[in-house]
Amino acid sequence: MEYHVQNNREDEVSLLSHHHRAANSWFSTACLIVCAMAGIGVLGLPAALYNTGWIGLLILVMVCLVSAYTGIIIGRTLEILPRGTGYTEMGTIAFGTPGRIFADFSIYTTLGGVGIIFLILLGLLMEGIVPRVSHGFWTLAFGLVVVGPISIGLRSYGEIKWISYFGFAATAVVVIVATVLSLVFFFGEEYNKEKETWGFTTRLAQGSSFAIGTSVFTFAFGSQAIYPNIYVQMTDTSKWSLSVLSGYVATLLLYLPISIAGYAVYGEFLGNSQFSQTILSTIQHFDAHHLDLIIRILNAIMILHIMSAFPVVVNPLFSALEAHWFRKRGHHSLKLNLLSRSILFLIMLVLALFFPYFLDIMSLISCLSVSLSCFILPCLFYWKICQPPVFERVLLVIIMLFGIVGAVCGTVVAIEGLVSDVKKNPNPFSGLFDFK
């Protein structure tokens, strides 16, 4: 079966092929996948496990397996489509204009949301290094001076490939050191003193917070929207499944140790939003005197990782906007490239400053769009374009139902949490330029 992209989308496909010439091995592709997923999950999963209890480990593994499967079927779908077909074109080929609209919504909200989360994290991590300066100021400064210019200037995954290797190494270092520090604290004398004060305990599950935890798990593995852009970079696309499986296994191995150690050691304290935005801030709070320098170094490493992952995540979003502009005007323009990327980045930066709530925003974005791009749309596209056998269609229906139920329930809970935090801090710019 052969498919052709509609004429009004041909410019977008040719643009995608122009920006992403095949240059990556299966290993490089796997590293790109890990780099796009791992940073946020490493910092937020212990708190997510607090929200679900120990049963969340089973949910984490299940989400990993399902997400890897949808990543693989994206490759199967792209295999029979024209070279350079993007996520939006998959929707157009499968369902026409409605498919394109849903795919566009998924791309814009998922990738834009991840970019916002990265900017928030940059501020939080820098505040851990220089606590006298607010995280809002650091978000603004790093956005305008560092990650903004880098992301606007880098236009292909061939340029970003080597950065992804560093991102993978940085995440691995943070996982190992943070896990060891948590265990050292657990077996030390200070743990019993803190336990009497804070009452560290673990739990099975508790109410609506289960939906929040599950949404964070989904977010941690939800990078499907950029897979067509990574796929087209492969020199041998027949090894796409190998790259996906390798990337997900590596990511799960990064997630499990720090999730288990973080929750087992700090337990209920992870529900204290004042000091538990990230696992590094939790560790720093409990043993600031002995571990302060180490945690600051880890914060710096994660900052470098986020700086490397940010262009990987937002590049497809920038490319999609450029393609839309080019299609309207019928020509390519470097000035239009820079202008469109600059405008989009500034929008993300302003939203990160207005809503600097790491876990709330991550949960909301996960429910609104990541579930769509991770569980629902890949299954629909694969079903319509590839016509899988009956037994596989049953699996697709189960995955889509899981995505729909999780999205609806999680969105309600995430909005309630975000509204509560906004009420507590109605003016996010208060103290932005105050230096303690």
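In this model, a donor atom of one side chain and an acceptor atom of the other lie less than 3.5 Å apart for Ser223 and Tyr227.
Considering only heavy atoms from C-beta on, Met90 stays 4.5 Å or farther from Tyr382 through its side chain. In this structure the side chain of Ser67 reaches within 4.5 angstrom of the side chain of Tyr248, judged on heavy atoms. Side-chain contact between Ile258 and Leu45 is absent, with no heavy atoms from C-beta onward closer than 4.5 Å. Put simply, the side chain of Val314 does not reach to within 4.5 Å of the side chain of Phe345, judged on heavy atoms. Leu144 places a side-chain heavy atom less than 4.5 Å from the side chain of Leu346. Side-chain contact between Leu119 and Phe310 is present, with at least one heavy-atom pair separated by less than 4.5 Å. The closest side-chain heavy-atom distance from Ile74 to Gln224 is below 4.5 Å. Ile361 has its side chain out of reach of Leu351: every pair of non-hydrogen atoms, C-beta onward, lies at least 4.5 Å apart.
A donor-acceptor contact shorter than 3.5 Å links the side chain of Ser215 to the backbone of Ile212. With hydrogens and angles disregarded, a donor-acceptor distance shorter than 3.5 Å links the side chain of Glu89 to the backbone of Gly86. Counting only distance, with no hydrogens or angles, the side chain of Ser373 and the backbone of Val370 share a donor-acceptor pair below 3.5 Å. Between the side chain of Ser420 and the backbone N or O of Glu416 there is no donor-acceptor pair closer than 3.5 Å. A donor-acceptor pair is defined here as one N or O able to donate and one able to accept, closer than 3.5 Å; such a pair exists between the side chain of Arg296 and the backbone of Ile129. At least one donor-acceptor pair closer than 3.5 Å links the side chain of Trp240 to the backbone N or O of Gly71. Although no hydrogens or angles enter the test, the distance criterion places a donor-acceptor pair under 3.5 Å between the side chain of Ser371 and the main chain of Ser366. With hydrogens and angles disregarded, no donor-acceptor distance shorter than 3.5 Å links the side chain of Thr85 to the backbone of Leu81.
Closest non-hydrogen pair, Thr109 versus Ile365, comes out as O-CG2, 3.8 Å. Pro228 and Ala225 get closest at one heavy-atom pair: CD-O, 3.8 Å. Shortest non-hydrogen contact noted between Val265 and Ser182 is CG2-O, 3.5 Å. Counting all heavy atoms, side chain and backbone alike, Ser369 lies closest to Thr110 at OG-OG1, 3.1 Å. Between Thr214 and Thr52 the shortest heavy-atom distance is N-CG2, 3.9 Å. Nearest heavy-atom pair across Met234 and Ser243 is CE-OG, 3.6 Å.
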Before giving the answer on side chain to side chain donor-acceptor pair (under 3.5 Å), spell out for Asn24 and Thr29 the whole-Å C-alpha distance, their side-chain angles and the decisive distance to 0.1 Å.
CA-CA 6 Å; Asn24 292 337; Thr29 301; 4.8 Å; no
Run Phe375 and Thr218 through side chain to side chain contact (heavy atoms under 4.5 Å, CB included) and show every step you take.
CA-CA 9 Å; Phe375 298 134; Thr218 301; 3.5 Å; yes
Test log, rule side chain to side chain contact (heavy atoms under 4.5 Å, CB included), inputs Phe402 and Met62
CA-CA 11 Å; Phe402 173 78; Met62 184 190 73; 3.5 Å; yes
Would you sort out whether Ser246 and Trp26 count as a side chain to side chain contact (heavy atoms under 4.5 Å, CB included), showing the intermediate values?
CA-CA 9 Å; Ser246 300; Trp26 73 267; 3.5 Å; yes
Working for side chain to side chain contact (heavy atoms under 4.5 Å, CB included), residues Ile117 and Phe219:
CA-CA 11 Å; Ile117 292 296; Phe219 194 99; 4.1 Å; yes
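With rounding to the nearest 0.5 angstrom, the CZ atom of Arg83 is 9.5 Å from the CG atom of Leu78. Here CD of Glu127 is found 12.5 Å from CG of Leu121. Values are rounded to the nearest 0.5 Å. Here the CD1 atom belonging to Ile301 is positioned 12.5 Å from the CD1 atom belonging to Ile306, to the nearest 0.5 angstrom. The line from OH of Tyr231 to CD1 of Ile226 is 16.0 Å long, rounded to the nearest 0.5 Å. Once rounded to the nearest 0.5 Å, the distance linking CG of Leu252 with CG of Leu65 reads 8.0 Å. Taking CG from Leu368 and CG from Leu364, the interatomic distance works out to 4.5 Å, rounded to the nearest 0.5 Å.
Side-chain rings of Tyr255 and Phe217 stay apart, their centers remaining 6.0 Å or farther from each other.
Counting non-hydrogen atoms of neighbouring residues, nucleotides and ligands closer than 6.0 angstrom, the CZ atom of Phe102 reaches no more than 12 such neighbours.
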